[in-house]
Amino acid sequence: MATRQSSARRCIFAAGLALLATAADAQTVAACRHEADSTRRLACYDRLFGEPEHAVGSEILPPDVSGAPAGSGLLPPDASTPLSVFWELEPGDKRGPFIVRTYQPNFLLPVHYTSNINRHPFSPTHPGTDGQNHYRRQEAKLQISLRAKMAENVLLPHADLWFAYTQRSLWQVWNRRDSAPFRSTDYQPEAIYVVPVPRSLGTLPADWRLRMVQLGLAHQSNGQSDPLSRSWNYVYAGAAFERGDFLLQVRGNHRLQEGNGDDNPDLTRYIGDTEITASWLPGPSTASLTWRSNRKSLSRGSLQADWTYPVSREQPTGLRWYVQLFAGYGETLLDYNRRQASIGLGLTLFQF
């Protein structure tokens, strides 16, 4: 019975389209049919036969714009964009508190080559160690990063408070002589306060838009005892800008004083206190470039490039190929004062 009803509905729908097509001007229909651009062709048919509405999240969008990229000129002013969905900036993007989501990229790079492996870490308060002379330049790099919203509408409309945790490890997996130890692991919990910027305040020249500002409090340490202990506490303030497929994030870090027990008092002289990330999201692939610098010493800091592409184009949120290039100081806390260049090849683990 259900099959017959479905067939009957298809027949009625086809008949209705036929009647509409007959009523429409034949030459106009032909013009639509020969339109090369799929978006314009669909819009042409919509003008002839009406625009059925499709629900996209909390938005009601005509079908010719529901899949259009941000900044293409086809999106309505308040449509969700990747940045808006990621940080739940618009009311329709909110998912509520206590839902665990990914934060920074989660990846495993089984092939990670470092040009200048740090076999003898040191700092001003812990000069020199016996070191690990058998450490290899070939190792693996692993990162796990998660976050959850703790509260919504905190102090300001639609402003949210998040908690995040990131763990990054360099693993001497190819070093059989030393039983494949973890060379370094950094742990970073942080609290993040995110404030969406209304369109009336965030519209900028050249179609750029300031989407959000954020304040954060973070602790980062490597969990080791002296003389390899490294750590710091800092607050930061940042802003995120959006234009079509491009994202720009700017952040300034301010280190909190730790007194006489500081394991690495010169940390920010090497890794910097300013961070600028430019991202490009043209389609299936993603690319980003991050520059970290010290306003007092531009010769230090670092430059990092990241690129991903789905293993299967049909599942863009599944496994993705991942390539990472790094040059400068501070790939890990243990290496904060050692200049290195590295390349890593592998896969993203998950994103949700």
Side-chain angles (χ1 to χ4, degrees), residues 82-83 86-87 102-109 112-116 141-145 147 164-170 184 186 188 190 192 194 208 210-216 218 220 232 234-255 267-282 285-309 320-346 348-349 351:
L83 187 64
F86 187 85
W87 285 111
T102 50
Y103 179 32
Q104 297 182 26
N106 293 267
F107 58 76
L108 173 62
L109 310 179
H112 182 266
Y113 177 84
T114 300
S115 65
N116 190 14
K141 187 174 183 179
L142 170 68
Q143 179 168 287
I144 302 294
S145 186
R147 67 196 162 108
Y165 175 78
T166 302
Q167 181 172 315
R168 183 186 306 117
S169 298
L170 288 176
S184 175
D186 293 338
Q188 181 170 316
E190 59 187 297
I192 313 164
V194 176
W208 281 96
L210 172 61
R211 291 307 307 266
M212 71 175 199
V213 295
Q214 61 178 188
L215 301 173
Q220 187 181 35
W232 67 315
Y234 63 99
V235 294
Y236 61 84
F241 304 84
E242 198 170 43
R243 182 182 185 275
D245 297 331
F246 294 93
L247 306 178
L248 182 66
Q249 295 173 277
V250 181
R251 197 173 92 176
N253 302 323
H254 175 72
R255 186 177 187 184
L267 180 78
T268 56
R269 289 175 50 197
Y270 287 92
I271 69 172
D273 54 14
T274 304
E275 183 174 312
I276 300 175
T277 300
S279 302
W280 183 41
L281 312 173
S285 63
T286 69
S288 67
L289 185 66
T290 301
W291 178 46
R292 300 179 182 91
S293 69
N294 189 317
R295 289 166 291 180
K296 298 179 181 180
S297 178
L298 297 180
S299 62
R300 293 176 178 171
S302 64
L303 194 64
Q304 179 175 308
D306 298 83
W307 174 87
T308 76
Y309 192 83
R320 300 175 70 89
W321 301 112
Y322 198 108
V323 179
Q324 184 179 88
L325 303 174
F326 178 89
Y329 294 90
E331 186 170 15
T332 71
L333 276 180
L334 197 63
D335 300 328
Y336 82 90
N337 55 1
R338 189 176 185 88
R339 182 183 291 274
Q340 298 170 317
S342 68
I343 180 172
L345 306 174
T348 59
L349 298 177
Q351 54 181 331

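We number each residue from 1, following the sequence as shown.
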Enquirer: Quick test of your reading of the model: are Arg147 and Glu190 salt-bridged, counting only N-O distances below 4.0 Å?
Expert: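 No salt bridge links Arg147 with Glu190.
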Enquirer: Please answer whether the main-chain N or O of Gln351 pairs with a side-chain N or O of Thr102 as donor and acceptor at a distance below 3.5 Å.
Expert: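 Absent.
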Enquirer: Hey, does the side chain of Asn116 reach the backbone of Arg339 with a donor-acceptor pair shorter than 3.5 angstrom?
Expert: yes
Enquirer: Working to the nearest 0.5 angstrom, can you tell me the gap between Phe107 CZ and Thr348 OG1?
Expert: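 Nearest 0.5 Å value for the CZ-OG1 distance: 10.5 Å.
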Enquirer: Has the side chain of Gln143 got a donor or acceptor atom that lies under 3.5 Å from a matching backbone atom of Ser169?
Expert: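 Not confirmed, Gln143 side chain does not pair with Ser169 backbone.
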Enquirer: In Å and rounded to the nearest 0.5 Å, what is the CG to OG1 distance from Leu248 to Thr277?
Expert: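 Rounded to the nearest 0.5 Å, the CG-OG1 separation comes out at 8.5 Å.
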Enquirer: Donor-acceptor pair, Ser279 side chain versus Ser288 backbone, under 3.5 Å?
Expert: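 Pair absent, no side-chain N/O of Ser279 close to backbone of Ser288.
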Enquirer: Under the criterion side chain to side chain contact (heavy atoms under 4.5 Å, CB included), which of Arg251, Gln304, Arg300 is the partner of Arg292?
Expert: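 With Arg292 as partner, side chain to side chain contact (heavy atoms under 4.5 Å, CB included) holds for just one option, Gln304.
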Enquirer: To the nearest 0.5 Å, tell me how far Trp208 CH2 sits from Phe246 CZ.
Expert: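 Separation between the atoms: 7.5 Å.
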Enquirer: Just wondering, do Thr290 and Glu275 contact through their side chains at under 4.5 Å, heavy atoms?
Expert: yes
Enquirer: Checking Phe326 against Thr114 for the side-chain contact (heavy atoms from CB on, under 4.5 Å) test, could you report, in this order, the C-alpha distance in whole Å, the side-chain angles of both residues, the deciding distance, and whether it holds?
Expert: CA-CA 9 Å; Phe326 178 89; Thr114 300; over 6 Å; no
Enquirer: What's the separation between atom OH in Tyr322 and atom CG in Leu345, rounded to the nearest 0.5 Å?
Expert: 12.0 Å
Enquirer: Strictly by modelled atom types, are Arg255 and Asn253 linked by a side-chain donor-acceptor pair under 3.5 Å?
Expert: no
Enquirer: If we count only N and O atoms by modelled type, under 3.5 Å, do the side chains of Ser342 and Glu331 hold a donor and an acceptor together?
Expert: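 Per modelled atom types, Ser342 and Glu331 side chains form a pair under 3.5 Å.
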Enquirer: Between Val194 and Leu215, does a side-chain contact (heavy atoms from CB on, under 4.5 Å) hold up when you go through it step by step?
Expert: CA-CA 7 Å; Val194 176; Leu215 301 173; over 6 Å; no
Enquirer: What closest approach, in Å, do Ser145 and Asn106 show between heavy atoms, and which atom pair accounts for it?
Expert: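 Closest approach of Ser145 to Asn106: N-OD1, 2.6 Å.
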Enquirer: Donor-acceptor check, side chain of Asp335 to backbone of Leu333, threshold 3.5 angstrom: yes or no?
Expert: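 Answer holds: no.
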Enquirer: side-chain contact (heavy atoms from CB on, under 4.5 Å), that's the test. Do His112 and Leu170 meet it? Break it down for me.
Expert: CA-CA 9 Å; His112 182 266; Leu170 288 176; 3.9 Å; yes
Enquirer: Please tell me if the side chains of Trp232 and Ile271 come closer than 4.5 Å, counting only heavy atoms from C-beta onward.
Expert: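 Side chain of Trp232 against side chain of Ile271, heavy atoms only: contact under 4.5 Å found.
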Enquirer: Minimum heavy-atom separation for Ala240 to Gln249, with atom names?
Expert: CB-CG, 4.0 Å
Enquirer: Does either side chain, that of Gln188 or that of Asp186, offer a donor lying less than 3.5 Å from an acceptor on the other one?
Expert: no
Enquirer: Between Tyr234 and Tyr236, what is the ring plane arrangement, given parallel below 30°, perpendicular above 60°, and tilted in between?
Expert: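 It falls in the tilted class, 30° to 60°.
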Enquirer: What is the minimum heavy-atom distance between Ala239 and Phe241, and which atoms define it?
Expert: CB-CE1, 4.0 Å
Enquirer: Run the numbers on Thr166 and Tyr103 for side-chain contact (heavy atoms from CB on, under 4.5 Å), then give the verdict.
Expert: CA-CA 8 Å; Thr166 302; Tyr103 179 32; 3.8 Å; yes
Enquirer: Do you know which two heavy atoms are closest between Asn337 and Leu334, and how far apart they sit?
Expert: OD1-O, 4.4 Å
Enquirer: Does any non-hydrogen side-chain atom of Pro82 lie less than 4.5 Å from one of Glu242?
Expert: yes
Enquirer: Check for a donor-acceptor pair, side chain of Asp306 on one end and backbone N or O of Leu325 on the other, with a separation under 3.5 Å.
Expert: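 No, Asp306 side chain to Leu325 backbone: no donor-acceptor pair under 3.5 Å.
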Enquirer: Roughly how far, to the nearest 0.5 Å, is CH2 of Trp291 from OG1 of Thr274?
Expert: 7.5 Å
Enquirer: What heavy-atom pair brings Tyr336 and Tyr270 nearest, and what distance separates the two atoms?
Expert: O-CB, 3.2 Å
Enquirer: Can you give me the closest heavy-atom contact between Leu109 and Gly344, atom names plus distance?
Expert: CD1-CA, 3.9 Å
Enquirer: How about Thr308 and Arg320: does a side-chain donor come under 3.5 Å of a side-chain acceptor?
Expert: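 On atom types as modelled, these side chains qualify, holding a pair under 3.5 Å.
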Enquirer: Nearest 0.5 Å, please: how far is OG1 in Thr286 from OH in Tyr309?
Expert: 11.5 Å
